[in-house]
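Following: one structure in C-alpha cells, then a few remarks.
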2 protein chains.
Amino acid sequence: MKELSIGEVARQAGLTASALRYYERAGLLPAPPRRSRQRRYTEAVFGRISLIRLALEAGFTIGETRLFLTGFSEQTPPAARWRALAARKLEEVDALMDRARRMKSLLETSFQCRCPRLEDCEKFLRAAKRKPTEVLRCG
Amino acid sequence: MKELSIGEVARQAGLTASALRYYERAGLLPAPPRRSRQRRYTEAVFGRISLIRLALEAGFTIGETRLFLTGFSEQTPPAARWRALAARKLEEVDALMDRARRMKSLLETSFQCRCPRLEDCEKFLRAAKRKPTEVLRCG
DNA sequence: GCTTGACTTCAAGTGCACTTTAACTCGTAG
DNA sequence: CTACGAGTTAAAGTGCACTTGAAGTCAAGC
C-alpha cells in the first residue's frame, strides 16, 4: 500500500498540511505512523477527510465532528451522546436547508426585481418568509 | 407609530442589544433617530433584521450582507457588484444545500447503522457521496 | 436628592477554525 | 560537506461575528 506524505495528502485533498495537523491534534484524524518523525498516510485517509469536510461544511463544529466520527463505535454512554447529537444535528441541518432554500429563492427573486429598495418589494418580502422554492417576479 | 427601545427590539427579535449596535456600526442596520441619545426603532426594523439573519444564517458574511441589503438600489456600479455577488452566492447556496442534503442523508443512515466504525460501513460511505436524499440501511 | 435600571460609547476580549512563524531535523543531490 | 526541500514542534497570530467591561448619561420613582 502506497505511503503518502502530508504534503501529498494535502494537495490531493485540496487543503493544507497545517489543517491536517490541526485535525490530528483536534482528534478528527488518527495519528498516522511516522518514518523518521514524518507522518505517512495511506489512501484510507481520504475517506476520513471527506467525512470531516462534509460535516464541517454542513455546520458541525470541530467537537461535534469528532463525536460524529469517533463516538460512534464506543460503548453505550458515548453512543448515547452520539445519538443525541445526531438527532439535534438532524434538526439543525433541516433548518439550514430551509434557510438556504429561502435564501436561494430570495436571490432568484431579487435578480429580476427592479424595486428601489429590497424591503419595498412586496414579493421579495413574501419570498423571504416562504418555504417552497416557487419563484416570483417583482413590480 | 410605536417607538421601540433597543432592548425591546432585541427581545422581540431574539438577539442582543449589542448585536444590534454591531449591525448598525457594520452598516447593516440604518441608524435610527435618538430620544436623548437613545435609539428609537419602529416596527419596520423587524423586516430588516429578518433579512439580515436570513443572509447571515445562509452563510453570507457581514460585508456580503451589507452589499445584499444596500447595494441593491444604488446606481450602476454597486448594482453590478450586487449582481455579481448574487450570482456567486447563488452557486454557494446551491453548494450549501447539497452538502446539507448529503449530511442529512448521512445522519439518517448512520442512525440505523450498527457497523463498528462509521468508515467500515459501505452504505454509509456511499451515502456520503450521493446527491439524492435516498435512505439506505447498513448491515 | 438619590438610587435604579436601561441605555450610551469605546476598547478590549472571546471562540472558532485555522495559519503563520521560528527554530529545528531529515534524506537526497551536487 | 553543504545546501535544499519537505517535514517537525510549540506558540503566537488571523478574521469573523459578536460579547464584555468600564465609565458615563438619563428619566422615573422614592
Side-chain angles (χ1 to χ4, degrees), chain A residues 2-42 45 48-69 85 89 92 96 99 103, chain B residues 2-42 45 48-69 85 89 92 96 99 103:
Chain A
K2 205 185 159 205
E3 289 186 334
L4 302 158
S5 70
I6 197 170
E8 285 171 299
V9 173
R11 194 177 38 73
Q12 287 190 47
L15 30 75
T16 62
S18 69
L20 291 175
R21 293 194 199 98
Y22 173 72
Y23 290 163
E24 185 177 321
R25 262 187 308 149
L28 299 186
L29 281 178
R34 309 288 180 112
R35 270 258 233 270
S36 63
R37 296 186 63 78
Q38 299 196 359
R39 292 167 180 82
R40 293 296 139 169
Y41 297 92
T42 68
V45 78
R48 184 84 174 208
I49 292 173
S50 302
L51 281 178
I52 293 171
R53 292 310 310 169
L54 182 58
L56 290 178
E57 286 167 4
F60 281 45
T61 66
I62 293 280
E64 289 167 345
T65 305
R66 179 176 42 231
L67 189 52
F68 175 63
L69 290 169
L85 171 71
K89 275 300 171 181
E92 287 186 27
L96 180 62
R99 285 193 301 266
M103 198 65 213
Chain B
K2 204 184 160 204
E3 288 187 335
L4 301 158
S5 71
I6 197 171
E8 286 171 296
V9 172
R11 193 177 38 74
Q12 287 190 46
L15 31 76
T16 62
S18 68
L20 291 175
R21 292 194 200 98
Y22 174 71
Y23 290 163
E24 186 178 320
R25 260 189 308 149
L28 300 186
L29 281 178
R34 309 289 179 113
R35 270 259 234 269
S36 62
R37 294 186 65 78
Q38 297 195 2
R39 292 165 181 84
R40 295 295 139 170
Y41 296 92
T42 68
V45 78
R48 184 83 174 209
I49 292 173
S50 302
L51 280 177
I52 294 170
R53 291 310 310 167
L54 182 59
L56 290 178
E57 286 167 3
F60 281 45
T61 66
I62 293 281
E64 289 166 346
T65 305
R66 179 177 41 233
L67 190 52
F68 174 63
L69 290 168
L85 171 72
K89 275 299 170 179
E92 286 186 27
L96 180 63
R99 285 193 302 265
M103 198 64 211

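Within every chain, numbering begins at 1; the chains are lettered A, B, ... in the order of the sequence lines, protein sequences first and strands thereafter. Computed from a predicted structure; not experimentally measured. Atom set for the values below is all heavy atoms of this structure, side chains included, hydrogens, waters and symmetry mates excluded.
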Nearest-Å distance, [atom1] ([X]) to [atom2] ([N])?
X     : N      : atom1 : atom2 : result
B:R37 : C:dT9  : CZ    : C1'   : 8 Å
A:R25 : C:dC18 : CZ    : P     : 12 Å
B:R34 : C:dC7  : CZ    : P     : 13 Å
A:E24 : C:dC18 : CD    : C1'   : 15 Å

| Criterion side chain to side chain contact (heavy atoms under 4.5 Å, CB included) on A:E3 and A:T42, from CA distance to verdict | CA-CA 5 Å; A:E3 289 186 334; A:T42 68; 5.7 Å; no
| said: At a heavy-atom distance below 4.0 Å, what parts of residues 10-22 of chain B sit against DNA chain C? | reply: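 Those residues whose heavy atoms fall under 4.0 Å from DNA chain C, taken from residues 10-22 of chain B in numerical order, are B:R21.
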| request: Check step by step if side chain to side chain contact (heavy atoms under 4.5 Å, CB included) holds for A:V45 and A:L20. | output: CA-CA 10 Å; A:V45 78; A:L20 291 175; 5.9 Å; no
| task | Compare all side-chain heavy atoms of A:R48 with those of A:P30 and state whether any distance is below 4.5 angstrom. | result |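 With C-beta onward as the side chain, the pair touches.
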| Inter-residue atom distance B:L69.CG - B:L51.CG, 0.5 Å rounding |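 One finds 6.0 Å between CG of B:L69 and CG of B:L51.
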| field | Interatomic distance, A:R39 atom CZ to A:I6 atom CD1 [nearest 0.5 angstrom] | value |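 So the gap between those two atoms works out to 5.0 Å.
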| task | State which of C:dC18, C:dT9, C:dC7 makes the closest approach to the side chain of B:Q38. | result |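 That would be C:dC7.
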| So which pairs with a foot in residues 6-15 of chain A pass side-chain hydrogen bond (donor to acceptor under 3.5 Å, both in side chains), sequence neighbours left out? |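 Qualifying pairs: A:S5-A:E8.
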| request: Would you please test A:R99 and B:L54 for side chain to side chain contact (heavy atoms under 4.5 Å, CB included) and show each step? | output: CA-CA 6 Å; A:R99 285 193 301 266; B:L54 182 59; 4.2 Å; yes
| request: Before giving the answer on side chain to side chain contact (heavy atoms under 4.5 Å, CB included), spell out for B:R40 and B:L4 the whole-Å C-alpha distance, their side-chain angles and the decisive distance to 0.1 Å. | output: CA-CA 5 Å; B:R40 295 295 139 170; B:L4 301 158; over 6 Å; no
| request: For A:F60, enumerate each residue passing the side chain to side chain contact (heavy atoms under 4.5 Å, CB included) test, keeping only those at least two apart in sequence or located in another chain. | output: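 Testing A:F60 for side chain to side chain contact (heavy atoms under 4.5 Å, CB included), a comparison that skips the adjacent residues, returns A:A55, A:E64, A:T65, A:F68, A:K89, A:V93, B:M103, B:L107.
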| field | Results of side chain to side chain contact (heavy atoms under 4.5 Å, CB included) for A:A13 - residues two or more places apart only | value |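 For A:A13, the residues satisfying side chain to side chain contact (heavy atoms under 4.5 Å, CB included) (neighbours in sequence not counted) are A:L15, A:F46, A:I49.
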| query | Pick the nucleotide of DNA chain D nearest each of B:I62 and B:S36; which residue has the one closer to the 5' end? | reply |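 Looking at DNA chain D, the more 5' nearest nucleotide goes with B:I62.
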| field | Nucleotide range of DNA chain D lying under 4.0 Å from chain B heavy atoms | value |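 Answer, 5' to 3': D:dA17 to D:dA27.
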| A:L56 or B:R40, whichever maps to the more 5' nucleotide of DNA chain C |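 Final value for this comparison: B:R40.
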| message | Tell me the bend of the helix from C:dG1-D:dC30 to C:dG30-D:dC1 as the angle between end helix axes, each from five pairs, rounded to the nearest 10 degrees. | response |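 Comparing the first five pairs with the last five, the axes sit 30° apart.
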| Salt-bridge present (B:E24, B:R34; N to O < 4.0 Å) |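 Yes, charged N to carboxylate O under 4.0 Å.
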